[in-house]
Protein chains: 2
Amino acid sequence: MSVGGKQMLEAQQCCNEVHQEALNDCTEQLPEVVVERLAETFKALADPTRLRILYNLSKRELCVCDLASVLGMTQSAVSHQLRYLKALRLVKNRRDGNTIYYRHDDAHTMGLLQMAIDHSSHVSDEQGVME
Amino acid sequence: MSVGGKQMLEAQQCCNEVHQEALNDCTEQLPEVVVERLAETFKALADPTRLRILYNLSKRELCVCDLASVLGMTQSAVSHQLRYLKALRLVKNRRDGNTIYYRHDDAHTMGLLQMAIDHSSHVSDEQGVME
DNA sequence: TGACTATATGAGTATTTGTTCATATACGAG
DNA sequence: CTCGTATATGAACAAATACTCATATAGTCA
């Protein structure tokens with residue numbers, strides 16, 4: 001079981017010939033909590049509705065009503081997603097009378113979104129030329 | 001109920017006072033196909049197992065067996081996720097005898113991942129100082 | 001050929017998720 | 001107070017998901 005003197009990471013043996021060299025290059029793993037956090041962030045961006053909400057909030061502050069109108073969705077559906085985004089601190093809101101305005105609240109995540117959007121437009125351009 | 005009149009660009013009316021100025025700032029929307037593509041990309045990164053797979057493949061080429069060992073997961077679970085990632089062209093593979101080696105195949109998505117990882121470590125540092 | 005190995009895959013399943021519907025809450029104007 | 005409006009929320013439900021298990025596939029080696 002113990003092969004050498006060093007730390008060996010055997011989590012589970014699925015084949016006899018475990019490539020030790022490969023495992024040595026992978027001793028450094030992302031901490032569990034970091035992985036969960038990353039997945040959580042990307043999951044927030046992994047839904048078309050939330051993407052559209054954040055995209056529009058990247059332009060300007062908007063109330064629930066306007067977002068529902070722009071997205072062509074029910075107020076309830078939008079509100080549920082806003083709660084989701086707010087729990088992750090990706091958006092925040094302010095009240096003005098009956099109206100509640102939302103805006104983005106996480107520059108890093110918005111940066112990820114913007115980067116992905118920029119790339120998608122580049123890809124579109126290239127494909128437009130190619131095909 | 002039905003207010004006699006005209007509605008110009010409204011997808012759905014959730015409240016009477018639709019803020020026209022807000023809607024004017026949101027005339028430009030991401031194309032449906034782009035939104036779906038973005039969501040698809042982020043969804044690939046929205047799962048801890050796939051994150052760890054891509055993270056390890058960012059270091060070096062690995063076979064299914066080694067990945068399973070490093071992640072402490074069954075060969076089947078890893079293989080299913082690799083198929084998922086391959087369908088999205090985020091990874092590609094090569095065969096060497098019985099062994100199939102995987103590596104990453106989408107610089108842009110790996111860039112998104114790296115950016116998110118870098119940020120998370122910065123945040124950790126700051127929090128480490130604060131608390 | 002046949003045993004052995006690494007990987008792929010279909011079915012089944014428990015869990016998560018995004019929406020709808022009905023209703024609750026909070027605020028402003030009478 | 002009551003009424004009207006904007007938003008929030010709980011329950012329910014269908015669809016998507018990530019795993020396990022059993023088995024299939026494809027290569028090596030004797």
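Below, chains carry the letters A, B, ... as their sequence lines are ordered, and counting in each starts from 1.
- The separation between A/Leu67 atom CG and D/dA6 atom P is 15 Å, rounded to whole Å.
- Rounded to an integer number of Å, the gap from A/Asn98 CG to C/dC27 P is 9 Å.
- Remark: ring of B/His80 stacked against base of C/dT9; centroid gap under 5.5 Å, plane tilt under 30°.
- Rounded to whole Å, the distance from CD1 on A/Ile100 to P on C/dA24 is 19 Å.
- A/Ser76 contributes no side-chain N or O that forms a donor-acceptor pair with the base of D/dT7 under 3.5 Å.
- At a threshold of 4.0 Å, the pair A/Glu32-B/Arg52 counts as salt-bridged, since one of the basic side-chain nitrogens sits closer than that to a carboxylate oxygen.
- For A/Arg83 and D/dG10, the shortest distance from a side-chain N or O to OP1 or OP2 is below 4.0 Å.
- What separates CE of B/Met73 from C1' of D/dC21 is a distance of 15 Å, to the nearest Å.
- Rounded to whole Å, atom C1' of C/dC27 lies 15 Å from atom CZ of A/Arg94.
- Taking the charged nitrogens against the carboxylate oxygens, B/Asp25 and A/Arg60 do have a contact shorter than 4.0 Å, which makes a salt bridge.
- The NE2 atom of A/His104 sits 13.0 Å away from atom OH of A/Tyr55, with the distance rounded to the nearest 0.5 Å.
- Taking only side-chain atoms of B/Gln81, from C-beta outward, the nucleotide of D/dC19, C/dG18, C/dT7 with the closest atom is D/dC19.
- For C/dT16, neither phosphate oxygen OP1 nor OP2 lies less than 4.0 angstrom from any side-chain nitrogen or oxygen of A/Tyr84.
- For the OP1/OP2 pair of C/dT16 and a distance below 4.0 Å, the side-chain nitrogens and oxygens of A/Lys43 include no atom meeting the criterion.
- Closest to the side chain of A/Cys65, from the set D/dT7, D/dA18, C/dA8, is D/dT7.
- In this structure, B/Glu61 pairs ionically with B/Arg94, as a charged nitrogen and a carboxylate oxygen lie closer than 4.0 Å.
- Per the geometry, CZ belonging to A/Arg95 stands 12 Å off P belonging to D/dA6, to the nearest Å.
- Contacts of A/Tyr102 with the nucleic acid, taken as non-hydrogen atoms under 4.0 Å apart, involve only primed sugar atoms and P, OP1 or OP2.
- The side chain of A/Arg50 contributes an N or O atom lying less than 4.0 Å from OP1 or OP2 of C/dG18.
- For A/Thr99 against D/dT7, no side-chain N or O and base N or O form a donor-acceptor pair under 3.5 Å.
- Spacing between atom CD of B/Glu40 and atom P of D/dT17 amounts to 10 Å, rounded to whole angstrom units.
- We find that CG of B/Asp96 is positioned 18 Å from P of C/dT5, with the value rounded to whole Å.
- A/Tyr101 and A/Leu82 fall into different hydrophobic clusters, defined by Ile, Leu, Val, Met, Phe, Trp and Tyr side-chain heavy atoms under 4.5 Å apart, directly or through other members.
- In this model, a side-chain donor or acceptor of B/Gln75 finds a partner on the base of C/dA8 within 3.5 Å.
- Within 3.5 Å, no donor on the side chain of B/Thr74 pairs with an acceptor on the base of D/dC21, nor the reverse.
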